[in-house]
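Everything on this sheet refers to the single structure shown next.
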Protein chains: 2
Amino acid sequence: MAKTNPEIALDSFDLAILTILQNDNATPQRMIGEAVNLSAPAVQRRIKRMEQAGVIQANCAIVDPAKVGQPITIFVEVEVISETAELIDAAKAEFSATPEVQQCYYVTGEADFILVIVAATMADYEALTRRLFFGNSNVKKFRTFFAMDRVKVGLRVPLGDKARAS
Amino acid sequence: MAKTNPEIALDSFDLAILTILQNDNATPQRMIGEAVNLSAPAVQRRIKRMEQAGVIQANCAIVDPAKVGQPITIFVEVEVISETAELIDAAKAEFSATPEVQQCYYVTGEADFILVIVAATMADYEALTRRLFFGNSNVKKFRTFFAMDRVKVGLRVPLGDKARAS
DNA sequence: GCTCCTCACGAAACAAACTTGCAACTCGCG
DNA sequence: CGCGAGTTGCAAGTTTGTTTCGTGAGGAGC
């Protein structure tokens with residue numbers, strides 16, 4: 001796993017570039033350069049620098065789950081019985097290794113984990129619960145929320161309006 | 001807004017391509033072609049077709065929130081008082097228009113909305129709650145979960161192992 | 001059984017984008 | 001005031017994406 005490099009300073013050019021790339025990373029560097037008033041090579045060097053520093057974690061295509069036969073999105077709050085480091089790490093590892101688990105967060109509050117799961121059918125989800133939750137003796141309880149509407153989905157990070165044009 | 005076109009059929013080539021693009025959409029088409037045993041133009045045509053059909057919703061860079069000064073990720077379960085269509089739509093619109101709200105789902109169960117929020121500081125989050133929740137007379141209650149660890153984050157859709165090599 | 005039509009593929013030519021080397025510039029510091 | 005680190009823009013070279021064209025594999029109809 002590519003370890004994330006030391007912190008780097010980001011100026012308003014970088015933030016403006018990131019804002020564009022978060023929308024569409026297929027934007028030509030020349031166009032980005034025009035938008036932020038920089039030459040294409042300068043844009044390219046900044047992008048590479050941010051990728052190496054881990055500011056840009058990945059470049060990926062966003063697929064509509066419903067269009068590929070996975071129309072069900074589910075939230076699950078998981079509460080565990082014993083919160084030792086070993087058991088928590090084991091749970092993290094298992095959730096991470098499960099492809100249907102799109103997102104997994106270890107949280108404070110009334111639950112310990114929050115999962116976002118995509119599934120093709122209710123039967124698939126039920127089978128998954130049997131494996132992940134009923135099959136795990138450390139899971140005390142879990143609560144399920146079915147998504148009726150994916151109102152807003154994304155991983156866009158708000159960067160303020162530090163964009164610069166001059 | 002680009003309306004999503006009629007359904008299209010996806011074969012195992014398409015799924016294999018999607019699997020690659022979900023990992024890294026900067027992969028050259030030639031390399032994708034080698035991986036799935038297709039020529040580069042064929043790959044390119046399939047990608048364009050899936051983009052037009054809405055199977056590929058976006059191509060974007062994933063930014064590490066912590067590296068850009070937004071180290072706090074928060075889950076919020078929101079419960080509303082009145083669930084009329086107008087009020088629900090209004091809530092959806094407001095959440096969608098808020099940049100700090102990374103994700104918003106309208107769900108069944110003990111909550112009505114689940115939000116994923118990124119914030120720079122606790123004070124920022126508190127200000128946001130005042131605006132979004134206390135400032136909205138239709139919000140009955142909301143529960144907050146702070147993420148201690150973003151164990152797994154992504155929007156990758158499991159496509160099974162329909163990938164083909166021959 | 002034959003033909004026509006449609007569709008997707010691959011090879012090659014073409015256009016566009018990315019990448020690198022180099023000289024000049026700015027800024028901070030001794 | 002001069003030096004060094006860092007960044008920029010320009011231009012050339014390379015890789016990649018895109019288009020065009022011809023070919024071959026199914027299906028429908030005669």
Side-chain angles (χ1 to χ4, degrees), chain A residues 2 4-63 67-69 159 162-166, chain B residues 2 4-63 67-69 159 162-166:
Chain A
T4 138
N5 279 8
E7 300 295 321
I8 65 172
L10 302 177
D11 60 14
S12 43
F13 285 114
D14 294 312
L15 295 181
I17 293 171
L18 284 180
T19 301
I20 294 172
L21 291 181
Q22 282 194 107
N23 270 331
D24 180 9
N25 70 0
T27 309
Q29 296 169 352
R30 171 182 52 79
M31 254 181 238
I32 301 174
E34 291 172 7
V36 303
N37 282 88
L38 235 51
S39 69
V43 171
Q44 130 93 356
R45 284 185 282 253
R46 285 168 178 269
I47 292 174
K48 180 189 282 184
R49 190 171 61 104
M50 291 191 284
E51 283 175 348
Q52 288 175 345
V55 177
I56 297 175
Q57 292 185 314
N59 291 289
C60 58
I62 306 300
V63 174
K67 293 275 174 64
V68 292
L159 298 176
K162 308 286 175 45
R164 99 159 28 176
S166 62
Chain B
T4 139
N5 280 7
E7 300 297 321
I8 64 173
L10 301 177
D11 60 15
S12 45
F13 285 114
D14 293 312
L15 295 181
I17 293 171
L18 285 180
T19 301
I20 294 172
L21 291 182
Q22 281 194 109
N23 270 331
D24 181 9
N25 70 0
T27 309
Q29 295 170 351
R30 171 183 50 79
M31 247 180 246
I32 300 174
E34 290 172 7
V36 303
N37 282 87
L38 235 51
S39 68
V43 172
Q44 133 100 343
R45 284 185 284 256
R46 285 167 178 271
I47 292 174
K48 182 188 283 186
R49 189 171 62 104
M50 291 192 283
E51 283 176 347
Q52 288 175 345
V55 177
I56 297 175
Q57 292 185 314
N59 292 288
C60 56
I62 306 301
V63 174
K67 292 276 175 63
V68 292
L159 298 175
K162 310 284 175 45
R164 100 160 29 178
S166 62

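Numbered from 1 within each chain, the chains take letters A, B, ... in sequence-line order. Keep in mind that the numbers below use all heavy atoms, side chains included, and drop hydrogens, waters and symmetry copies.
Here the shortest heavy-atom pairing between Lys67(B) and Leu10(A) reads O-CD1, 3.8 Å.
Distance, Met50(B) CE to dA8(C) C1': 15 Å, rounded to whole Å. Rounded to whole Å, the distance from CD1 on Ile8(B) to P on dC7(C) is 15 Å. Computed from coordinates, the Gln29(A) CD to dT8(D) P distance equals 13 Å when rounded to whole Å. The CD1 atom of Ile17(B) sits 13 Å away from the P atom of dG17(D) (whole-angstrom rounding). Here the C1' atom of nucleotide dC9(C) and the CG atom of Asp11(B) are 13 Å apart, to the nearest Å. At whole-Å resolution of the value, CG in Asn37(B) and C1' in dG10(C) are 13 Å apart. In this structure, CE of Met31(B) is placed 10 Å from C1' of dT15(D), rounded to the nearest angstrom. For the pair Arg30(A) CZ and dG9(D) P, the interatomic distance rounds to 15 Å; values are reported in whole Å.
When heavy atoms are screened at a 4.0 angstrom cut-off, Arg46(B) is found touching the sugar-phosphate backbone but no base atom.
For Asn59(B) and Asn25(A), the side-chain atoms include no donor-acceptor pair closer than 3.5 Å.
Side chains of Leu159(A) and Gln22(A) form a contact here, defined as non-hydrogen atoms less than 4.5 Å apart. Within the 4.5 Å cutoff, the side chain of Val55(A) has heavy atoms near those of the Leu18(A) side chain.
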Close N/O contacts between protein and nucleotides 20-29 of chain C (under 3.5 Å):
| residue | atom | partner | partner atom | Å |
| --- | --- | --- | --- | --- |
| dT20(C) | OP2 | Lys48(A) | NZ | 3.2 |

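The CG atom of Asp24(A) sits 8.5 Å away from the CG atom of Leu21(A) when rounded to the nearest 0.5 Å.
When Lys48(B), Arg45(B), Arg49(B) are each tested for a salt bridge (Lys or Arg N to Asp or Glu O under 4.0 Å) with Asp14(B), only one passes: Arg49(B).
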